[in-house]
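See structure below.
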Amino acid sequence: MKVLIFDSTVLEQAPYIKYYEQELVDRNIKYNICTWDKYSNAPLSKKGVVITIHSKWHLGKRKYLDFVLLSRKLKKIIADGHYTHLVIVNTIWAMLLRGILLGNFKNRYVLDIRDYKCETLPGYQHFLKSIIDNSFFTTISSDGFRTFLPLSSKIISNHNITNLKLAFESPSLYANKIHVNIGFFGYIRYKNENEVLIRKLGGSDRFSLLYRGVYAESCRIDREQDLKYDNVTYGGPFKNADKPELYKSVDMIHSIYGNEDFATSTLLPNRLYDAVIFKKPLLVSPNTYLAQIVEKYNLGAVINLKDPNIVMTLSNYINNFNEQKFLAGSDKFLDLVNSQQKLFLDKIKEFFLR
């Protein structure tokens, strides 16, 4: 057996790869991880088990040609490497590799879907269904994705959850708390939503905002002078191991992304798992799958940034915060997560036994 994992995401932003890699290492199975450097043109490079395709991409419609050209390079890597099993992240690559997946790798590939790409395009679902049905299994990081995917018994859920052994016992938030610290830890994007929230809470005596992580170039809120407030702090990158200490400094988690498209309205961010592990209620956007989870399990407050009364809504949630309901909901949601995650990890083990 020889396995190739392909993901076009920067590997530092793809912690879910470890679920496959750990099993491969434990079983002493040969493997490579292939990734895409989108920002430079250079020959194929290899460092350890990681193969990098260096091919600069373009903005606009030209990027679709970049995808096609990259898929051709990927097909050559698969052929030259004599791989027997594949793990492909996201449907666009599975569609571009459809011929070899269905022709040469039936029941010997996993499709791992991490976000919305273009699954609602006319005819896309018809071809995608055959890819999913002929996979060993297909896994999704949010059940919200089922709204744009074809029905199939091959689809199972997974969760990018860590730090379970370092879980906090109780929240630092309590009813009528005078000062509340709100944190955003992770990849910082969605500039419009962040600007609105910062301006609404900036200068407040009751609320503080703390950002830590890597800022998307389209969301350099840390550089904008009109977003500087005494109660808003902009910090830099951190490691996953730093999370327990970081979360000691905040009472709630900012996870407001908006709901303008399928990508934002269906995903489940890592901050959801941070909320139930570190016992920090979430702030989320309405009309999203995340909001459905938050409301079902009493995990936080739904905040509509278009509402002029944001501060009042947030204050009402805090003043009436019910710790028992929040903890009970956290436990119930964690039970679901652990059950689904066990099935996901068992399927990985089964896949690598073939």
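These numbers come from the heavy atoms of this one structure, side chains and all, not from hydrogens, waters or symmetry mates.
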Do the ring planes of Tyr247 and Phe278 sit parallel (below 30°), tilted (30 to 60°) or perpendicular (above 60°)?
parallel
Over 60° means perpendicular and under 30° means parallel, so classify the ring planes of Phe333 and His159, tilted if in between.
perpendicular
Check Leu299 against Gly329 and note the closest heavy-atom contact, atom names and distance.
CD2-C, 3.9 Å
Under the side-chain contact (heavy atoms from CB on, under 4.5 Å) criterion, do Leu24 and Val49 qualify, and how do the steps go?
CA-CA 12 Å; Leu24 290 164; Val49 298; over 6 Å; no
Student check: side-chain heavy atoms of Asn194 and Leu227 closer than 4.5 Å
no
So if you build clusters from Ile, Leu, Val, Met, Phe, Trp, Tyr with side-chain heavy-atom gaps below 4.5 Å, do Ile92 and Ile78 land together?
yes
Over 12 foreign heavy atoms within 6.0 Å of CG, Leu353
yes
Ring centroid separation for Phe127 and Tyr124, is it under 6.0 angstrom?
no
If only atom types and distance count, is the side chain of Asn338 paired as donor or acceptor with the main-chain N or O of Asp335 below 3.5 Å?
no
Taking the six-membered ring of Tyr16, is NZ or CZ of Arg114 closer than 6.0 Å to its centre and within 45° of its axis?
yes
Check this for me: does any side-chain nitrogen of one of Arg27 and Glu23 sit under 4.0 Å from a carboxylate oxygen of the other?
yes
Go through the side-chain N and O atoms of Thr139 and Asn158 and say whether any donor and acceptor fall under 3.5 Å apart.
yes
Check whether any side-chain heavy atom of Val337 sits under 4.5 Å from a side-chain heavy atom of Lys332, and report yes or no.
no
Any non-hydrogen side-chain atom of Pro244 less than 4.5 Å from a side-chain atom of Asn163?
yes
Residue pair Thr52 / Trp36, side-chain donor-acceptor N/O under 3.5 Å:
no
Which atom of Ser135 lies closest to which atom of Asn107, heavy atoms considered
O-OD1, 3.6 Å
Ser255 vs Tyr257 side-chain heavy atoms within contact, under 4.5 Å:
yes
Salt bridge check: are Lys38 and Asp66 linked by an N-O gap of less than 4.0 Å?
no
Do Tyr211 and Ile198 come close enough that some side-chain heavy atom pair is under 4.5 Å?
yes
Any carboxylate oxygen within less than 4.0 angstrom of a Lys/Arg side-chain nitrogen, looking at Lys177 and Asp251?
yes
Check for a donor-acceptor pair, side chain of Arg223 on one end and backbone N or O of Cys219 on the other, with a separation under 3.5 Å.
no
Pairwise side-chain contact, Phe137 with Ile155, heavy-atom cut-off 4.5 Å (strictly under)
no
Asn322 side chain to Lys325 backbone, donor-acceptor under 3.5 Å:
yes
May I ask whether Val89 and Phe67 are part of the same hydrophobic cluster, defined by side-chain heavy atoms of I, L, V, M, F, W, Y residues being less than 4.5 angstrom apart, directly or through others?
no
Counting N and O atoms only, with roles assigned by atom type, does the side chain of Lys279 sit under 3.5 Å from a partner on the main chain of Ile277, one being a donor and the other an acceptor?
yes
Thr138 side chain reached by Val110 side chain, heavy atoms, under 4.5 Å
no
Do Lys243 and Asp274 meet the salt-bridge criterion of a basic N to acidic O distance under 4.0 Å?
yes
I'd like to know if Val50 and Trp93 are part of one continuous hydrophobic network [Ile/Leu/Val/Met/Phe/Trp/Tyr, side-chain heavy atoms within less than 4.5 Å].
no
Treating His54 as the side-chain partner and Lys56 as the backbone partner, does any N or O pair qualify as donor plus acceptor under 3.5 Å?
no
side-chain contact (heavy atoms from CB on, under 4.5 Å) between Leu102 and Arg98: does it pass, once the steps are laid out?
CA-CA 6 Å; Leu102 299 182; Arg98 179 171 169 267; 3.8 Å; yes
Report the C-alpha separation of Tyr229 and Arg199 in whole Å, then their side-chain angles, then the decisive distance to 0.1 Å, and conclude whether the side-chain contact (heavy atoms from CB on, under 4.5 Å) test is met.
CA-CA 9 Å; Tyr229 294 92; Arg199 290 196 171 100; 4.0 Å; yes
Can you tell me how far the CD1 atom of Ile51 sits from the CD1 atom of Ile77, to the nearest 0.5 Å?
5.5 Å
Find out if a path of hydrophobic residues (ILVMFWY) with successive side-chain heavy-atom gaps under 4.5 Å connects Phe6 to Val68.
yes
Are Tyr234 and Val214 linked, directly or through other ILVMFWY residues, by side chains that come within less than 4.5 angstrom of each other?
no
Are the side chain of Asp7 and the backbone of Thr9 linked by a donor-acceptor contact shorter than 3.5 Å?
yes
Can Ser172 and Lys280 be counted as having a side-chain donor-acceptor contact under 3.5 angstrom?
yes
Any side-chain donor near an acceptor of the partner, Glu21 and Tyr31, under 3.5 Å
yes
For a quick test of reading the model, state the closest non-hydrogen atom pair linking Tyr273 to Ser141 and the distance between them.
OH-O, 4.2 Å
For Ser208 and Asn231, run side chain to side chain donor-acceptor pair (under 3.5 Å): C-alpha distance rounded to whole Å, both residues' side-chain angles, the deciding distance at 0.1 Å, then the answer.
CA-CA 5 Å; Ser208 293; Asn231 65 328; 5.2 Å; no
Using distance alone, with no hydrogens and no angle criterion, decide if Asn32 and Tyr83 have a side-chain donor and acceptor under 3.5 Å apart.
yes
Centroid separation Phe344 to Tyr19 less than 6.0 Å:
yes
So that I can tick it off, tell me whether Arg146 and Asp143 are bridged by a salt bridge, with the cut-off set at under 4.0 angstrom between side-chain N and carboxylate O.
yes
Verify whether one side chain among Tyr109 and Asn134 offers a donor that lies under 3.5 Å from an acceptor in the other.
no
Would you kindly say whether Thr91 and Glu119 are connected by a side-chain donor-acceptor distance under 3.5 Å?
yes
Between Glu224 and Lys191, does any side-chain N to carboxylate O distance fall below 4.0 Å?
yes
Are the side chain of Glu323 and the backbone of Pro171 linked by a donor-acceptor contact shorter than 3.5 Å?
no
Check Lys228 with Asp226, please: is the shortest side-chain N to carboxylate O separation under 4.0 Å?
no
Quick one, Thr35 and Val10 - any side-chain contact, counting heavy atoms below 4.5 Å?
no
Should Ile131 and Met95 be marked as a side-chain contact (heavy atoms from CB on, under 4.5 Å) after you check the CA-CA gap, both sets of side-chain angles, and the distance that decides it?
CA-CA 8 Å; Ile131 292 172; Met95 290 289 279; 3.6 Å; yes
Relative to Phe184, does Arg271 satisfy both conditions: NZ or CZ under 6.0 angstrom from the six-membered ring centre, and within 45 degrees of the ring's axis?
yes
Checking side-chain polar atoms at under 3.5 Å, does Asp261 have a donor or acceptor matched by the opposite partner on Thr264?
yes
When you compare the side chains of Ser40 and Asp37, does any donor N or O come within less than 3.5 Å of an acceptor on the partner?
yes
For the backbone of Met1 and the side chain of Thr84, can you confirm whether one donor and one acceptor N or O come within less than 3.5 Å of each other?
no
Worked check of side chain to side chain donor-acceptor pair (under 3.5 Å) between Asp112 and Tyr20
CA-CA 11 Å; Asp112 190 319; Tyr20 303 100; 2.6 Å; yes
Do Asn259 and Thr288 have side-chain atoms, one donor and one acceptor, less than 3.5 Å apart?
no
Quick check: His85 with Phe351 (ring centres under 6.0 Å apart)?
yes
Please check if atom CG in Asp230 has more than 12 non-hydrogen atoms from other residues, nucleotides or ligands closer than 6.0 Å.
no
Restricting to non-hydrogen atoms, name the atom on Ile100 and the atom on Lys75 that form the minimum distance, rounded to 0.1 Å.
CD1-CG, 4.3 Å
Would you confirm whether Lys2, through its side chain, and Gly81, through its main-chain N or O, come within 3.5 Å as a donor-acceptor pair?
yes
Please report the interatomic distance OH(Tyr116) to OG(Ser142), rounded to the nearest 0.5 Å.
14.5 Å
